[in-house]
Amino acid sequence: MCKSRKGTDVNNSLTPKSRPSRSASAANPSSSLSSSSSSNYPSFNYPSSSVNYSSSGFFNHNKDTSKSSSSSISSKLSLKSLKEAFLPENPHIYEFADICRATNNFLAKPFSSSSTSTSWRCQIRRKEVIIFQRKFRRRDPIELPELQQRLSIICRSHHSSLIKLLGAATSGNCIYLVYEFVNGANLATCLRNPQNPSYTILSNWLSRMQVATDIAHGLDYIHHCAASNSGFIHNHIKSSSILVAEDSLNAKICHFGTADLCGELEGSERSEARTLGRSNSKGMKIEGTRGYMSPEFQANGIVTQKCDVYAFGVVVLELVSGEEALRYVFDESSGGFSRVSVIEKAREAVDSGAGGVRSWVDRRLKDSYPVDVAEKMVVVGLECVVEDPEKRPDMEQVAVRVSKLYLESKNWAEKIGKKLHATAGPGSKMD
């Protein structure tokens, strides 16, 4: 079991052995959950489950002892039905026409655009969503039954650090992924505000540790807890794929399920426990973001969970320093540009001895952070990005360590707060 799990998996395998009669269902058609859900899945065969209080015996006050056995069965059925009544709705297989209407036939202004995807913020079926258009990386188009099966696994995974996938639609060689909309900004923008580089909303150490903890627990959930330990791989971990919610400053991982549904994991190992091999395709095109791609992925294109661990390590170093994962700076000696990696800078800071990390930490934190915790966080980040994937820690181990460092940071903040109040003296007001 995943110790860091914040969410709960939805077990859809609990189907009642005895169901209300058809006549009872006909008498109360509005009480059937299956009738409302199946309208979104015209070709699916999900097991139906009805909530019919009048026929289930939940409010049955009949004291006839001869019916005690059936009453007991009905009560169990009712409790199960009551539980199912509060479960999230099933994932949608949207019609392509729904996507066209929501995006005004793709004439609406894109919310974001990159070389691999385009997104629109819009409404679909009265919900505010983000629709991502991506091209399939699969050799063969995904068939409806397979799409239904994969969606049912991905969409029933719930965690507070994941942006929920609501459903998908396909057309030609493209898939349209519909995610819930969460108001906020991506972590890259929060750390490196293009309008005002000297300002960051993550201006205190505790807020950055909260972000690191959220990401670590969310990624641990993806690897070990989502969909009953199926061994998911995210494959899109980077600072621009982490959303910082505006109201709480909690971090949420975007694009969960994208790699699996788009076919990015075809031919890849589904677990880091398997031995890494080489790709047979010499002409294979590797798609990834420079600075976040692990060495083995660049060498053979095989995606494993340890590739996610590597990318997380890079994000940790970004959080500590505020620097980009990879940037180019002008070299006056050569007259050209040289590539600077946040990993290389972190190693230099650690190797420089006492005070090395302190001089490298983001100056916008104004030296208001526990230096020992910052040094430990840099060590965690560097352990995640070691060359040999077998020597990288598991995300469960990483999540535990980051959580402990978060608690240490919280204790430090409380002590600092007490000292400030004590220095201010009685009668003074502190914010």
Side-chain angles (χ1 to χ4, degrees), residues 10 12 33-48 87-159 162-183 222 226-227 230 232-236 241 243 252-266 287:
V10 178
N12 292 328
L33 291 180
S34 61
S35 62
S36 61
S37 300
S38 61
S39 62
N40 299 322
Y41 301 87
S43 59
F44 294 170
N45 294 316
Y46 282 112
S48 61
L87 294 180
E89 62 184 37
N90 289 324
H92 292 292
I93 300 291
Y94 294 99
E95 297 289 341
F96 182 62
D98 293 334
I99 306 297
C100 293
R101 280 191 295 269
T103 60
N104 191 23
N105 288 323
F106 306 103
L107 296 176
K109 182 180 178 181
F111 185 73
S112 66
S113 182
S114 68
S115 59
T116 57
S117 70
T118 304
S119 69
W120 296 266
R121 177 183 172 182
C122 51
Q123 284 196 347
I124 186 167
R125 301 187 182 181
R126 298 181 181 179
K127 286 186 178 181
E128 193 167 10
V129 299
I130 296 287
I131 298 177
F132 285 89
Q133 179 193 51
R134 289 183 178 270
K135 288 187 178 180
F136 280 117
R137 294 277 306 278
R138 305 163 58 93
R139 295 178 180 177
D140 301 317
I142 190 169
E143 299 293 336
L144 191 61
E146 183 183 358
L147 179 61
Q148 170 226 344
Q149 181 184 16
R150 295 196 181 203
L151 271 178
S152 65
I153 294 174
I154 295 169
C155 293
R156 74 169 179 248
S157 300
H158 301 278
H159 194 278
L162 299 182
I163 292 184
K164 182 173 175 55
L165 177 65
L166 301 177
T170 61
S171 178
N173 67 337
C174 289
I175 185 169
Y176 299 87
L177 301 169
V178 182
Y179 287 89
E180 66 175 342
F181 173 76
V182 178
N183 200 20
I222 291 172
S230 61
F232 271 111
I233 303 171
H234 189 279
N235 198 37
H236 287 275
S241 295
L243 185 85
K252 292 181 178 291
I253 300 175
C254 309
H255 309 305
F256 171 52
T258 293
D260 189 75
L261 293 171
C262 292
E264 296 175 12
L265 307 179
E266 294 293 321
E287 293 184 7

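On a predicted model such as this, the values are computed, not experimentally measured, just so you know. If you read the sequence from its start, that first residue is 1, and numbering goes on from there. Note that these values count all heavy atoms, side chains included, but never hydrogens, waters or copies made by symmetry.
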Side-chain heavy-atom pair F232, I154 within 4.5 angstrom cut-off
yes

Closest heavy-atom pair, I93 versus L144, reported as atoms and distance to 0.1 Å, is CG2-CD1, 3.7 Å

Can you tell if the side chain of L261 reaches within under 4.5 Å of the side chain of L165, non-hydrogen atoms only?
yes

Residue pair I131 / V129: nearest heavy atoms and the distance that separates them
CG1-CG2, 4.0 Å

Rounded to the nearest 0.5 Å, what's the gap from CD1 on I222 to CD1 on I233? Could you check?
11.0 Å

Residues in side chain to side chain contact (heavy atoms under 4.5 Å, CB included) with N105, at least two apart?
C100

CG (D260) and CZ (R150) are apart, to the nearest 0.5 Å, by 4.5 Å

Counterpart residues, side-chain hydrogen bond (donor to acceptor under 3.5 Å, both in side chains), relative to H255 (two or more places apart)
none

Throw together a table of side-chain donor-acceptor distances under 3.5 angstrom for residues 170-179, partners on residues two or more places apart or in other chains.
{"residue": "Y176", "atom": "OH", "partner": "Q133", "partner atom": "NE2", "Å": "2.9"}
{"residue": "Y179", "atom": "OH", "partner": "F256", "partner atom": "O", "Å": "2.9"}
{"residue": "Y179", "atom": "OH", "partner": "T258", "partner atom": "OG1", "Å": "3.0"}

Sequence neighbours left out, what pairs pass salt bridge (charged side-chain N to carboxylate O under 4.0 Å, His left out) with at least one residue falling in residues 102-118?
none

Looking only at heavy atoms, the pair that brings C262 and K135 closest together is CB-O, 4.3 Å

Between K164 (side chain) and C155 (backbone), is there a donor-acceptor pair under 3.5 Å?
yes

Please report the closest heavy-atom contact between K252 and V182, naming both atoms and the distance.
CD-CG1, 4.1 Å

Could I get the full list of side-chain hydrogen bond (donor to acceptor under 3.5 Å, both in side chains) partners for E128, not counting sequence neighbours?
R121

Classify the ring geometry of H234 against H236: parallel below 30°, tilted from 30° to 60°, perpendicular beyond 60°.
perpendicular

Separation of I163 CD1 from S241 OG (nearest 0.5 Å):
9.5 Å

Going by the rule side chain to side chain contact (heavy atoms under 4.5 Å, CB included), which residues pair with S119 if we only count those two or more places apart in sequence or in a different chain?
F111, S112, I130, F132

